[in-house]
Amino acid sequence: MGRKLLLENLDKPEINTIDGYIKYGGYRALEKALKSMTPDEVTEEVKKSGLRGRGGAGFPTGMKWSFLDKSTDKPRYLLCNADESEPGTFKDRLLMEKIPHLLVEGMIVSSYALGCRTSYIYIRGEYMFILRILEKAIAEAYAKGYLGQNILGTGYSLDLHVHPGAGAYICGEETALIESLEGKRGNPRIKPPFPAIAGLYNCPTIVNNVESIAAVVPIVNNGGEDYAKIGIGKSTGTKLISASGNINKPGVYEIELGVSVEEFIYSDEYCGGIANGLDIKACVPGGSSVPILPKDLLFKQSDGSPRLMTYESLSEGGFATGSMLGSGGFIVFDEKACIVRNTWNFARFYHHESCGQCSPCREGTGWMERVLHNIEYGHGKMEDIDLLWDIQRKIEGNTICPLGDAAAWPVAAAIRHFRHEFEYHVKYPHRVFDADHVYQPEMKMQTV
Amino acid sequence: MTEAKHIELSPEAMMEVGRIISHYPADKQKSALLPVLHIAQKEFGGWLSSESMDYVARLLHIHPIEVYEVATFYSMFNTKPVGKVLIEVCQTGPCCLNGAEKIVSYLEKKLQIKVGETTRDGMFTLKTVECLGACGYAPMFQIGETFYEHLTEEKVDNILLEMRNKNS
């Protein structure tokens, strides 16, 4: 059993209430930080911890904090990114739903470190039921004197609010989130300036994922060095992994970074193996945006050593043979899953979610969706496969925000590793008319 | 302008709007737009007519176009009428690996409508949506603020019955 820092008390009674949370050690980090540490000392512990952004990008949180412009008199803002929308990802939801005070405490401690007087949690609109849970938790925190004026008599004051989105994946991109919070369409901004210089209302702003902010609580409680002891190399601490797809035990698991992929999939502690006694075909280890890996590349790195659940190991080999840890949205495909169908599905998702500002993304995502639809439904031509490759290559790197890359990578990886399935669809159109069709492994032989 | 009389939030909703506006700096009322549109949509029958959008613009002292451009951008805002019960089925990858497409077909058969349509009695609208963050509990749909997960045909039957009883 690995150490758990975030979900340790998940099953404790009344952990969703402030009294239950305090009973199991809650709000100790708040007392410690506000009463015995300077804001810079808190930031220093976060730096020492090696914590990397848990939303997907993996940028070191402490370093991000240090970019905050403190030279102006403008207000500074901390925004929590709770716009969890990356397909395959549902970890922040569990954390907020079950242990809302962990996020509230993390927000207070982090806001203190950054010198914010007002902070917001931007939550996706579809999580309205969680917004209500968070608002209740925030009201409880105000009542206890953990929020509002002069918190615990320390002279530090903070207001915390929850702000709902309204259905837009793009608002998980930090500048789109800021635009949305200002009451506008979620169109990402051109960077620089970065939000740390000019963010919400043109003021210095830090945007952090729910899990990153929650992790600040154990980091302050136990010290950054203790946190950094967990994990391997630059992948420190624990990570919430959302496991879904064709596995026996879908759900959210807190792992120590460094567990092997094989253990994560087959151990009863985590996914519990592939459902229905089938074999695994592939896995998308970090949310829909990251490259899909076939089973022969999933379990081993190029040097033959086991592939681990870390930022470095999952990306080992680059996109030729690797993928990314991303948001930890771990989607498993069994041997019967149709890779073409799933690639079309994801392409439709990105087409739907493109904000429309940049032509390569706005037009390219729709084009990829249509070509993939044709192939999946038996109307494809062999040259369509090369066409897809060409389109994705022209989207990648040519857009304001990473949504373009996120749309391109899954298509590229599917063709790179499963070209035979695309060819099979083109060669045997009559076999794929049924939406339920399964790709038979022996047919690979016929097409190659 | 005779219609305008109907376009007014209830006193409780107005209180809520006031509370939400207070969350933002005094000159940044526009920030309240998304949460206020959620309230307006709920109060005005589950969708936003141009009249109700104009009303929200007046509430927040912004131009109507600022409301239109936002209302048409975000997928949760309906700019056309919907049934009393809006069923939003997640159709993204992980849900499809666990039978989301079968649930959609079953709903179409059961309600005798296609995705995007409303039943003739105005009770149900069926919509497919992208990832709702319930991938581990698939297949699923959302009605109002509630997630219904691990769906089976039997569960769907029961939910439809319950919704019909609650809303007739």
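To find a chain, count down the sequence lines: A is the first, B the second, and so on, and within it residues start at 1.
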Subject >> Parallel, tilted or perpendicular: ring planes of His161(A) versus His23(B), cut at 30 and 60 degrees >> reply: parallel

**OP:** Can you label the angle between the Phe264(A) ring and the Tyr253(A) ring as parallel, tilted or perpendicular, going by 30° and 60°?
**Re:**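 Phe264(A) and Tyr253(A): perpendicular rings.
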
Proximity breakdown for [X] and chain B, heavy-atom pairs closer than 4.5 Å:
X	result
Glu179(A)	neither
Tyr127(A)	side chain
Phe346(A)	side chain
Asp159(A)	neither
Ile331(A)	side chain
Val332(A)	backbone
Cys355(A)	both
Thr343(A)	neither
Tyr350(A)	neither
Glu126(A)	both
Ile170(A)	side chain

Original post:
Can Gln112(B) and Thr119(B) be counted as having a side-chain donor-acceptor contact under 3.5 angstrom?
Top reply: no

**OP:** Not counting sequence neighbours, list each pair that qualifies as a salt bridge (charged side-chain N to carboxylate O under 4.0 Å, His left out) and has a residue in residues 138-153 of chain B.
**Re:** Arg93(A)-Glu149(B), Arg132(A)-Glu145(B), Lys42(B)-Glu145(B)

Original post:
Among Ser288(A), Ser242(A), Ser244(A), whose side-chain contact (heavy atoms from CB on, under 4.5 Å) with Thr89(A) holds?
Top reply: Ser242(A)

Original post:
Of the listed residues (His352(A), Glu353(A), Lys91(A), His163(A)), which shares the most heavy-atom pairs with chain B below a 4.5 Å separation?
Top reply: His163(A)

Subject >> Part of Glu69(B) lying under 4.5 Å from any heavy atom of chain A >> reply: both

Subject >> Ionic contact status for Arg348(A) with Glu369(A), cut-off 4.0 Å >> reply: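 Looking at Arg348(A) together with Glu369(A), the answer is no, because their closest N to O distance does not fall below 4.0 Å.
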
